There are 2 protein chains.
Amino acid sequence: MAEKTKLWYLQNFNMFDGMSPKMMMELAQNTSMQNNSKKEIIYFPEDASNTIYFLKAGKIKIYRLSEDGKTTTLQLLGPGEIFGESAILGQDTHDNIAEVVEDAVVCAMDKRDFQDLMEKSPKLTLSVNKFIGWRLRKIQAHVEDLVFKNASQRITSFLHRYVETFGKKMVDGWMVRPFLTHQEIADLTATARQTVNQVLNELAEQDVIKFSRRFLQLKGDLDQLES
Amino acid sequence: MAEKTKLWYLQNFNMFDGMSPKMMMELAQNTSMQNNSKKEIIYFPEDASNTIYFLKAGKIKIYRLSEDGKTTTLQLLGPGEIFGESAILGQDTHDNIAEVVEDAVVCAMDKRDFQDLMEKSPKLTLSVNKFIGWRLRKIQAHVEDLVFKNASQRITSFLHRYVETFGKKMVDGWMVRPFLTHQEIADLTATARQTVNQVLNELAEQDVIKFSRRFLQLKGDLDQLES
DNA sequence: ACATACATGTCTGCAATATGACAGTCCGAC
DNA sequence: GTCGGACTGTCATATTGCAGACATGTATGT
């Protein structure tokens with residue numbers, strides 16, 4: 001693949017803001033691309049953690065399974081996000097499952113190459129630290145939600161984040177497309193599928209949202225989805 | 001304070017393993033010490049995050065309050081652990097409360113000094129990354145526990161970790177001293193004080209543990225405290 | 001067009017655990 | 001040594017939201 005094309009893939013990651021063109025070229029040389037379609041698994045727990053991934057397009061979920069087959073999703077990631085970061089955090093295996101939720105374009109880089117780059121560029125190291133801090137903050141907020149909020153508050157505030165992150169602002173509200181299945185939302189919010197269904201329909205009844213399998217529309221302002 | 005003494009304070013942190021004596025001296029120069037007694041608060045949410053802390057002795061808890069006055073403890077830290085790490089992760093305020101649980105000796109270092117040091121020592125950077133990875137793993141496991149385990153499993157497996165981390169191995173089991181209040185355990189496991197009391201007494205009934213306000217004794221092997 | 005698998009909608013009962021109340025106990029401060 | 005506050009032990013009661021059942025709806029491929 002032409003280096004120019006590779007460069008395109010690496011753009012739009014905040015992490016690489018302010019990097020020299022020379023660095024970016026080096027980055028591009030060490031990167032490989034892949035297209036992954038829905039339901040593909042990028043890695044499993046216990047898989048060797050040698051690679052760090054950059055998500056260029058699509059959505060990825062990071063989740064865990066319990067022994068008795070329950071699922072909990074830790075994060076839903078969109079374009080511009082990094083995953084498989086355990087590779088650069090000194091772990092040699094993954095802890096989670098990474099699965100494609102919407103057809104994705106993923107850049108993969110060997111952890112050694114990335115670490116070499118980090119050594120050369122303190123700026124990059126700083127960005128990485130920021131990113132990790134952000135990830136840590138998000139998961140702490142997740143814990144707080146699980147402990148302090150009830151099921152319908154968790155669902156509502158998830159929808160808030162979902163619309164905020166993935167939605168398009170319209171004159172009269174927001175639109176996200178495609179939408180998730182109720183089961184996916186349940187896994188993200190540690191609730192039951194039936195509860196998600198109920199809350200969703202209540203919100204529609206109150207004319208806050210409108211939804212189908214294909215889309216979620218928020219009528220009006222984001223703060224209507226406050227717990 | 002003599003640099004030698006300061007050095008003593010900085011020993012026993014895995015993070016500094018393999019650092020050159022010269023580096024260690026530099027570290028020591030930039031470090032200040034403090035003794036904090038039980039119930040003292042080291043920082044609050046929204047406090048400026050300029051300092052990174054090393055816990056030399058005692059215990060610290062990192063926790064959050066909800067609007068309606070509930071508490072959830074994210075971590076209980078013992079000697080050798082780092083906290084306030086948001087300072088080096090690009091956040092300018094803290095998100096949590098850090099409070100002394102058992103009289104503590106704390107080393108504090110300005111984040112700039114620490115970052116300078118990191119730039120000079122790739123080895124330190126690597127250790128820091130490892131530490132952050134470890135922290136991330138712990139909190140992910142916390143989420144998993146909250147979602148997959150029931151109250152009594154959470155309490156039991158917390159006791160497991162508590163004994164493992166802070167206990168002394170005896171011929172016939174383990175001993176931890178001092179013990180926590182039931183409310184503290186409740187906050188750590190997202191359960192109610194009364195539930196903790198009940199589970200604790202059940203375990204005592206089954207002759208797995210023995211406890212009082214002052215100590216917790218595990219009779220026999222750690223794996224008796226498996227969920 | 002049909003078959004099949006998957007997703008949604010709705011109800012009902014049940015189990016887990018929080019909450020509130022209150023008595024008894026311990027502990028440190030004075 | 002005693003007093004007050006905090007911690008522990010044990011109820012009874014309330015509530016939340018999960019689980020199961022099942023009908024309906026929708027997409028996909030042949």
Side-chain angles (χ1 to χ4, degrees), chain A residues 37-39 61 66 68-73 99 101-103 145-159 177-206 209-217 227, chain B residues 37-39 61 66 68-73 99 101-103 145-159 177-206 209-217 227:
Chain A
S37 43
K38 204 168 163 166
K39 304 210 173 176
K61 67 178 172 189
S66 74
D68 52 337
K70 279 181 212 141
T71 301
T72 193
T73 304
E99 180 182 324
V101 174
E102 278 173 40
D103 293 2
D145 277 10
L146 287 172
V147 177
F148 292 151
K149 292 183 178 166
N150 64 26
S152 93
Q153 289 171 325
R154 287 203 301 280
I155 293 164
T156 310
S157 71
F158 166 74
L159 292 177
R177 186 193 300 271
F179 195 31
L180 305 162
T181 67
H182 298 183
Q183 185 60 60
E184 279 170 327
I185 298 172
D187 294 343
L188 278 154
T189 53
T191 57
R193 196 212 96 218
Q194 293 91 327
T195 309
V196 172
N197 180 271
Q198 192 189 307
V199 172
L200 243 31
N201 283 319
E202 275 166 21
L203 286 169
E205 203 121 335
Q206 299 162 217
I209 62 170
K210 198 171 158 183
F211 69 97
S212 77
R213 296 184 182 201
R214 307 184 164 288
F215 70 89
L216 168 66
Q217 181 191 354
S227 45
Chain B
S37 44
K38 203 167 164 168
K39 304 210 173 175
K61 68 178 171 189
S66 73
D68 51 338
K70 277 181 213 144
T71 301
T72 193
T73 304
E99 180 181 324
V101 173
E102 279 173 39
D103 293 1
D145 277 10
L146 287 173
V147 177
F148 293 151
K149 292 183 177 166
N150 63 29
S152 93
Q153 290 171 326
R154 288 202 302 279
I155 293 164
T156 309
S157 71
F158 166 74
L159 292 176
R177 186 191 300 270
F179 195 32
L180 305 161
T181 66
H182 298 181
Q183 185 61 60
E184 279 170 326
I185 298 172
D187 293 344
L188 277 154
T189 54
T191 56
R193 196 212 95 219
Q194 293 91 327
T195 309
V196 172
N197 180 270
Q198 190 188 309
V199 172
L200 244 29
N201 284 320
E202 276 165 18
L203 287 169
E205 203 120 336
Q206 301 163 213
I209 63 170
K210 199 171 159 181
F211 69 98
S212 78
R213 295 182 183 202
R214 305 183 165 288
F215 70 90
L216 168 66
Q217 183 192 351
S227 44

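Here is how names work: the chains are called A, B, and so on, in the same order as the sequence lines, proteins then strands, and each is numbered from 1. Please read these numbers as outputs of a predicted model, since none were measured by experiment.
Distance check: B:I185 CD1 to B:L180 CG gives 5.5 Å after rounding to the nearest 0.5 Å.
Summarising the geometry of B:L200 relative to B:I209, their closest heavy-atom pair is O-CD1, 3.7 Å, with the distance given to 0.1 Å.
When rounded to the nearest whole Å, the span between CG of A:L200 and P of C:dA7 equals 15 Å. A straight line from CZ of B:F211 to C1' of C:dT25 spans 13 Å, rounded to a whole angstrom. Atom pair A:F148:CZ and D:dT16:P shows a separation of 18 Å (rounding to whole Å applied). The separation between A:Q198 atom CD and D:dG17 atom P is 10 Å, rounded to whole Å. Here D:dG9 presents its C1' atom at 16 Å from CG of B:L203, a figure rounded to the nearest Å. At whole-Å resolution of the value, CD in B:E184 and P in D:dC7 are 8 Å apart. Taking atom CD of A:E202 as the reference point, atom C1' of C:dG9 lies 13 Å away to the nearest angstrom. The separation between A:K39 atom NZ and C:dA5 atom P is 13 Å, rounded to whole Å.
Remark: A:F158 pairs with A:Y162 by the ring-ring contact (aromatic ring centres under 6.0 Å, His included) rule, at least two apart or across chains. The side chain to side chain donor-acceptor pair (under 3.5 Å) check on A:S212 picks up nothing, with sequence neighbours excluded. For A:E202, there are no salt bridge (charged side-chain N to carboxylate O under 4.0 Å, His left out) partners, not counting sequence neighbours. When the side chain to side chain contact (heavy atoms under 4.5 Å, CB included) test is applied to A:K210, the partners found at least two apart in sequence or on another chain are A:Q217, A:K219. By the salt bridge (charged side-chain N to carboxylate O under 4.0 Å, His left out) test, B:D145 is found to be paired with B:K149, B:R161, residues two or more places apart in sequence or in another chain being considered. Under the salt bridge (charged side-chain N to carboxylate O under 4.0 Å, His left out) criterion, B:K70 pairs with B:D68, sequence neighbours left out. Under the rule for a side chain to side chain contact (heavy atoms under 4.5 Å, CB included), B:R213 has no partner lying at least two apart in sequence or in another chain.
With axes fitted over five pairs at each extremity, the angle between the ends of the helix from C:dA1-D:dT30 to C:dC30-D:dG1 is 50° (10° resolution).
Taking side-chain N and O atoms only, A:N201 has no distance below 4.0 Å to OP1 or OP2 of C:dT8. At the phosphate of C:dT8, OP1 or OP2 sits under 4.0 Å from a side-chain N or O atom of A:H182. Phosphate proximity of D:dT8 to B:N197: absent, as no side-chain N or O sits under 4.0 Å from OP1 or OP2.
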Only pairs under 3.5 Å count here: list side-chain donor-acceptor contacts from residues 190-197 of chain B, not counting sequence neighbours, and write none if there are none.
residue, atom, partner, partner atom, Å
B:T191, OG1, B:T189, OG1, 2.8
B:N197, OD1, B:N201, ND2, 3.1
B:N197, ND2, B:H182, ND1, 3.4

What does nucleotides 17-22 of chain C look like as a protein-contact string, B for base, S for sugar-phosphate only, - for none, at under 4.0 angstrom between heavy atoms?
-> SSBBB-
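Formation of a donor-acceptor pair under 3.5 Å by the A:D103 side chain with backbone atoms of A:K38 is found in this model.
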Check nucleotides 26-30 of chain D for protein N or O atoms closer than 3.5 Å to its own N or O atoms and list the pairs.
none

